[in-house]
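Presented below is the structure to which this report refers.
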Amino acid sequence: MNMVDRKEVIIIGAGPGGLKVAEGLAQNGKKVLIFEKNLEIGHKVCAGGLTPKTFRLKDIPITLAETISHNVEVHAFRKTIRVSRKKEFLIATVNREKLGQWMLKKALESGAEIEFNAEVVRVKKNSVVLKDGREIEFSYLVGADGGLSIVRKSLGLSSEKSLMAMQYSVPSFSQNPEIFLDKDMFNSGYAWIFPHKESTEVGCFDELKNARGLSKRFHRWLKNQKINVSNAKLQASLINHDYQGFDFENIFLIGEAAGLTSGWSGEGIHQAIDSGQEVAKKILDPNYKCIQIQQLLKTKKIQERIGKPLQFVVTRNNLLTKILFENLFCL
Ligand SMILES: Cc1cc2nc3c(=O)[nH]c(=O)nc-3n(C[C@H](O)[C@H](O)[C@H](O)COP(=O)(O)OP(=O)(O)OC[C@H]3O[C@@H](n4cnc5c(N)ncnc54)[C@H](O)[C@@H]3O)c2cc1C
């Protein structure tokens, strides 16, 4: 085991956010160590849906996409509206394990180190304590540890705004992404069918405050859609979208730990990568302004303030539904 008692930068979590910040720092000469509690990379409940903006970051090659769709079927109020875009695709899907492996390779090639099976159980002002009892000091700490972030908790931040999401991964049965807005089933959340290469991800989310009975409602919806999940395992997870800051002197939060995820769409991979990139720059240059994080917050606000009310009003109108999805989803 790698015995370390001090590192310049410690990153907790090897999701897309943690791997991105590690790469950005290590390639600029910083000594970086990632602690990841899992034994392998990429084990995350996720539909793996990405809009073009993530590929525009030029960090993820389009070759990693398992499917690319120029059409999304939006089902609402007993009708189906086909949203299409010719010039650019609307949604691509990636396999989280493959994405994680690809990002890990880049971080390691840049000089970052990683320890798997290394759960951080306590965060102090200048050190972290691991499950095996080791205590390691840091100059900078990055909390990239997802929706139940221990770093976030150590800063005294709550996570009141969360979504409850659940999904099944079933043998492939669909080629097109579909979104189901159904107020009676999911309130202001939605259900999805996202095609992958060898599977189809079928899931839903609702606000945590409305999550009572969500599993029952989801199964009723699956039955209505005639989707057989009898051999699949239900996976569920919270999605934190409660942003309360990311810069706390020598401690930073990124991605879902920072609550940068969209509370409207549940999308968070893009935000994790983008904020990881920004925080790497901030640690390298304390005067760096993190304009991209401000942009993420602006988008998040527009989606959450306008998206939800609009979702209920406009889905009765084909044209407005197209405008809503083309512009808000891919913002
Ligand atoms: C059902 C579902 C579907 C989703 N679908 C999509 C989608 O289609 N598109 C999209 O963009 N987003 C989606 N999301 C959201 C997306 O998965 C997250 O927002 C994204 O993974 C956040 O990345 P992150 O790097 O911040 O954290 P994560 O990917 O959650 O990574 C955090 C890492 O930290 C590790 N960790 C946690 N605690 C500790 C600890 N104490 N010590 C050491 N390691 C620790 C974890 O093991 C994990 O590897 C979905 C989420 C859910 C639940």
Side-chain angles (χ1 to χ4, degrees), residues 10-22 33-51 53-54 60 67 91-97 99-100 103-104 114-123 128-132 141-154 162-169 177 179 189-196 201-206 208 214 218 234-241 246 253-263 265-277 279 300 329-330:
I10 286 178
I11 297 164
I12 308 183
L19 292 169
K20 189 67 223 170
V21 74
L33 176 60
I34 309 170
F35 288 124
E36 169 54 53
K37 69 177 179 184
N38 286 337
L39 295 171
E40 287 170 354
I41 216 90
H43 285 288
K44 169 81 189 166
V45 199
C46 184
L50 292 178
T51 53
K53 63 179 181 284
T54 314
I60 302 183
T67 65
I91 295 181
T93 57
V94 290
N95 175 304
R96 284 297 299 260
E97 283 165 36
L99 171 66
M103 293 190 75
L104 175 65
I114 186 163
E115 269 194 47
F116 288 102
N117 197 16
E119 183 176 355
V120 173
V121 291
R122 192 158 169 219
V123 176
V128 296
V129 180
L130 287 141
K131 203 175 177 181
D132 62 13
L141 175 71
V142 181
D145 47 343
L148 301 173
S149 169
I150 188 172
V151 183
R152 185 182 174 94
K153 277 184 206 132
S154 79
S162 287
L163 310 173
M164 169 55 82
M166 50 186 69
Q167 77 170 12
Y168 283 103
S169 183
I179 283 171
Y190 59 80
W192 63 82
I193 294 177
F194 276 10
H196 282 247
E201 309 301 310
V202 186
C204 73
F205 75 78
D206 200 344
L208 182 60
L214 180 60
F218 182 39
L234 181 65
Q235 293 188 293
S237 179
L238 290 177
I239 300 178
N240 172 40
H241 64 100
F246 73 96
L253 295 175
I254 58 174
E256 209 174 308
L260 284 165
T261 323
S262 164
S265 67
E267 182 193 9
I269 299 171
H270 172 83
Q271 294 86 334
I273 295 174
D274 214 358
S275 58
Q277 203 159 279
V279 163
K300 183 171 154 64
F329 208 66
C330 295

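Whatever order the structure lists them in is the order used to number ligands and atoms, beginning at 1. Below, all heavy atoms of this structure are taken into account, side chains as well, without hydrogens, waters or symmetry copies.
- Ionic pairing of Arg96 and Glu201 is not present here: no N-O contact between side-chain nitrogen and carboxylate oxygen is shorter than 4.0 angstrom.
- Taking Ala144 as the reference, Ile11, Ile254 meet the side-chain contact (heavy atoms from CB on, under 4.5 Å) condition, with sequence neighbours excluded.
- Summarising the geometry, atom CD1 belonging to Ile239 is positioned 7.0 Å from atom OG1 belonging to Thr261; distances are rounded to the nearest 0.5 Å.
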I'd like a table of donor-acceptor pairs (distance under 3.5 Å, sequence neighbours excluded) in which one partner is a side-chain atom from residues 147-154, with atom names and distances.
unit_1: Ser149; atom_1: OG; unit_2: Asp145; atom_2: OD1; d: 2.7
unit_1: Ser149; atom_1: OG; unit_2: Asp145; atom_2: OD2; d: 3.2
unit_1: Ser149; atom_1: OG; unit_2: Val151; atom_2: N; d: 3.2
unit_1: Ser149; atom_1: OG; unit_2: Arg152; atom_2: N; d: 2.9
unit_1: Arg152; atom_1: NE; unit_2: Ser158; atom_2: O; d: 3.2
unit_1: Arg152; atom_1: NE; unit_2: Ser159; atom_2: OG; d: 3.0
unit_1: Arg152; atom_1: NH1; unit_2: Asp242; atom_2: O; d: 3.3
unit_1: Arg152; atom_1: NH1; unit_2: Ala257; atom_2: O; d: 2.9
unit_1: Arg152; atom_1: NH2; unit_2: Ser158; atom_2: O; d: 2.7
unit_1: Arg152; atom_1: NH2; unit_2: Asp242; atom_2: O; d: 2.5
unit_1: Lys153; atom_1: NZ; unit_2: Leu148; atom_2: O; d: 3.4
unit_1: Ser154; atom_1: OG; unit_2: Val151; atom_2: O; d: 2.7

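- The two residues Met164 and Ala236 have their closest heavy-atom pair at SD-CB, 4.4 Å.
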With the criterion set at N/O pairs under 3.5 Å, what does the list of contacts between the protein and ligand 1 look like, atom names and distances included?
unit_1: ligand 1; atom_1: 5 (N); unit_2: Ala47; atom_2: N; d: 3.1
unit_1: ligand 1; atom_1: 8 (O); unit_2: Gly48; atom_2: N; d: 3.4
unit_1: ligand 1; atom_1: 8 (O); unit_2: Gly49; atom_2: N; d: 2.8
unit_1: ligand 1; atom_1: 9 (N); unit_2: Gly49; atom_2: O; d: 2.8
unit_1: ligand 1; atom_1: 11 (O); unit_2: Gly268; atom_2: N; d: 3.0
unit_1: ligand 1; atom_1: 11 (O); unit_2: Ile269; atom_2: N; d: 3.0
unit_1: ligand 1; atom_1: 12 (N); unit_2: Gly268; atom_2: N; d: 3.0
unit_1: ligand 1; atom_1: 17 (O); unit_2: Arg96; atom_2: NH1; d: 3.1
unit_1: ligand 1; atom_1: 19 (O); unit_2: Glu256; atom_2: OE1; d: 2.8
unit_1: ligand 1; atom_1: 21 (O); unit_2: Arg96; atom_2: NH1; d: 2.9
unit_1: ligand 1; atom_1: 21 (O); unit_2: Arg96; atom_2: NH2; d: 3.1
unit_1: ligand 1; atom_1: 25 (O); unit_2: Pro16; atom_2: N; d: 3.4
unit_1: ligand 1; atom_1: 25 (O); unit_2: Gly17; atom_2: N; d: 3.0
unit_1: ligand 1; atom_1: 26 (O); unit_2: Glu256; atom_2: N; d: 2.9
unit_1: ligand 1; atom_1: 29 (O); unit_2: Arg96; atom_2: NH2; d: 3.1
unit_1: ligand 1; atom_1: 30 (O); unit_2: Lys44; atom_2: NZ; d: 3.3
unit_1: ligand 1; atom_1: 41 (N); unit_2: Val120; atom_2: O; d: 3.0
unit_1: ligand 1; atom_1: 42 (N); unit_2: Val120; atom_2: N; d: 3.0
unit_1: ligand 1; atom_1: 44 (N); unit_2: Lys37; atom_2: N; d: 3.1
unit_1: ligand 1; atom_1: 47 (O); unit_2: Glu36; atom_2: OE2; d: 2.6
unit_1: ligand 1; atom_1: 47 (O); unit_2: Asn38; atom_2: ND2; d: 3.4
unit_1: ligand 1; atom_1: 49 (O); unit_2: Glu36; atom_2: OE1; d: 2.7
unit_1: ligand 1; atom_1: 49 (O); unit_2: Glu36; atom_2: OE2; d: 3.2

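- For Gln271, the side-chain hydrogen bond (donor to acceptor under 3.5 Å, both in side chains) test picks out no residue, with sequence neighbours left out.
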